[in-house]
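Contents: one structure, followed by commentary.
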Amino acid sequence: MKLLQAKSLKGTIEVPADKSISHRSIMFGAIANGTTIVKNFLRGEDCLSTLNGFKQLGVPIDDDGQTITIQGVGFNGLKAAKTPIDLGNSGTSIRLMMGILAGAPFITTFYGDEYLNRRPMNRVMLPLNQMGAHLTGHDSTEYPPITIQGTSNLQPVHYEMPIASAQVKSAILFAALQAKGTSTIIEKEPSRNHTEQMIKQFGGTIEVENKTITITGPQTLTGQTVIVPGDISSAAFFLVAGAIIPNSQITLKNVGINPTRTGILDVLERMNAQFELSQIDEQNESATITIQTSQLKATTIEGSDIPRLIDELPIIALLATQAYGTTIIRNAEELKVKETNRIDATCEELSKLGAKITPTEDGMIIQGPCQLHGGKVDSRGDHRIGMMLQIAALLTDETVELEKANAVTVSYPQFFEDVKQLIQEV
Ligand code: S3P
């Protein structure tokens, strides 16, 4: 696909719904008792994988095009699926559902597409097996298809997490909700806390003190109404576009601003981007953000920054190509096991367009500012790499061709239409 070009971007975008919260709204709705209603659900492919997965597990779910209604069956009401469950490209679906199914006393098999089937699962299988479930990967590896023999006798766990990962934390929390006794999880660095927040929202009990989470099971949850805010990880593409494209001003409405997710706003501030928040809704953790073309300077991104902006690093790398100085990203080795190896993908694909960007063992080093040029690039089947490359293409008058552009449907089906809508004739 030939990518869009722009001399100026102006206008307002209603950011698509948060992917992490949309997944969890289906999961909590399914395992709660009673009805859950989800408004502003993200109908991207990943979240639809979760929705269809729970239908296969016997949960009645209805989508009238506006609202999703889930008739919760409780942890004990899930039924064995008749066939293996296809979770497509979705790491969040497979890892969190492993935690839920660890407590279901039947066999479930999960598999995914060629990318998901290469992603590491030991990080989740190890603690869940320690709790008494029996999870195995394909051919004695840690890769999907994953077969789960769940147990109604899950044991609590004391688990010090070797990596900062909300997916691993959430899988353990879903299992701990079903185990008899008190589990403690110690995070390496604080990661997104949507699961903890939704346990409380659905009437459960959980204690969080710094990096230590304490939870006692078994617990029964009750159906709720969930209004999903917009996804800051999707907004990130337009935050960066607004800052780096000349003569631009973009307003993003209903952006989720949960503090465990706003690392990109801290980085934009450190890099001197001109933006402001308005219409802040404390309860729903959302705001309107307006950003404009800015003179950017380099920064260093590391340590506890990383989990708060992990999915934004490819687009932050593009931002750094337009900032004065050397930007260093470190402690981000987790990028290697995302939908694709995002250190290699970001560095190799942006280099094809002339960026001065070098991969390191745990991140990247970027020299800016740099004039990008045309070329042929590849999303490598990764939605966030595809969207980052479209924003990069806006910076050049030369043609940029993108392979596998369709990957964006995983999290942002309307992405190219939204970019087009902002482009100004100059
Ligand atoms: C997610 C957690 C993160 C993130 C992913 C969504 C979640 O993954 O990259 O896109 O919803 O819990 P890790 O937990 O593997 O870091």
Side-chain angles (χ1 to χ4, degrees), residues 16-28 41-42 44-47 49-50 87-100 112 115-116 118-127 142 144 159 161-174 185 187-199 213 226 228-229 231-237 256 258 260-264 303-316 331-343 345-346 362 381-388 407-408 410-412:
D18 189 275
K19 183 158 84 71
S20 291
I21 299 175
S22 293
H23 278 298
R24 286 162 173 80
S25 68
I26 301 288
M27 295 175 185
F28 277 97
F41 177 75
L42 175 67
E45 280 176 16
D46 268 16
C47 298
S49 292
T50 292
L87 295 174
N89 191 246
S90 181
T92 306
S93 308
I94 195 166
R95 295 203 176 110
L96 273 59
M97 288 175 79
M98 281 158 72
I100 293 172
Y115 307 99
L116 187 62
R118 287 199 295 260
R119 295 185 66 187
M121 297 296 151
N122 259 346
R123 51 184 61 205
V124 181
M125 293 201 287
L126 286 172
E142 63 165 316
Y159 199 71
M161 293 186 34
I163 42 176
S165 163
Q167 292 181 352
V168 175
K169 171 177 66 176
S170 300
I172 303 171
L173 284 173
F174 278 125
I185 303 168
E187 287 202 86
K188 190 172 174 215
E189 295 287 358
S191 61
R192 66 192 68 194
N193 65 356
H194 306 302
T195 305
E196 296 92 308
Q197 288 186 326
M198 290 175 85
I199 287 175
I213 304 170
V226 178
V228 184
D231 198 327
I232 193 165
S233 299
S234 299
F237 298 98
N258 172 307
T260 61
R261 298 284 300 279
T262 48
I264 185 162
S304 58
D305 289 337
I306 300 296
R308 297 181 58 242
L309 46 64
I310 185 75
D311 292 338
E312 287 66 82
L313 285 168
I315 190 70
I316 287 174
N331 311 128
E333 50 279 276
E334 272 297 298
L335 287 182
K336 293 182 188 167
V337 291
K338 293 293 173 190
E339 284 81 334
T340 185
N341 178 331
R342 285 185 177 161
I343 294 182
T346 302
D362 66 347
D382 184 325
H383 53 135
R384 298 201 199 279
I385 300 294
M387 290 188 276
M388 179 274 286
V408 307
V410 154
S411 63
Y412 199 156

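Atoms within each ligand, like the ligands themselves, are counted from 1 in listed order. Source: prediction; values computed, not measured.
Between His23 and Asp46 the shortest side-chain heavy-atom distance falls below 4.5 Å.
For His23, no heavy-atom contact with ligand 1 is shorter than 4.0 Å.
Less than 4.0 angstrom separates some heavy atom of Asp311 from each of these atoms of ligand 1: 4 (C), 5 (C), 9 (O), 10 (O). Heavy-atom proximity to Thr92, at under 4.0 Å, picks out these atoms of ligand 1: 1 (C), 6 (C), 7 (C), 11 (O).
Annotation: Ile310 places no N or O atom under 3.5 Å from an N or O atom of ligand 1; distance criterion only. In terms of polar-atom proximity, defined here as any N/O pair under 3.5 Å, Ser165 does make such a contact with ligand 1.
Comparing Lys338, His383, Glu334 against atom 16 (O) of ligand 1, the shortest heavy-atom distance belongs to Lys338.
For Asp311, the side chain to side chain contact (heavy atoms under 4.5 Å, CB included) test picks out Arg192, Ser233, Lys338, Arg342, Arg384, with sequence neighbours left out.
For the salt bridge (Lys or Arg N to Asp or Glu O under 4.0 Å) condition, the pairs that include at least one residue of residues 163-173, sequence neighbours left out, are Lys169-Glu187, Lys169-Glu196.
Leu116 and Leu87 get closest at one heavy-atom pair: CD2-O, 4.1 Å.
Within the 4.0 Å heavy-atom cutoff, Arg24 counts among the residues contacting ligand 1.
In this model, no donor atom of one side chain and acceptor atom of the other lie less than 3.5 Å apart for His194 and Ser20. A side-chain donor-acceptor contact under 3.5 Å links Ser170 and Arg24.
Gln167 NE2, 3.6 Å is the protein heavy atom nearest to atom 1 (C) of ligand 1.
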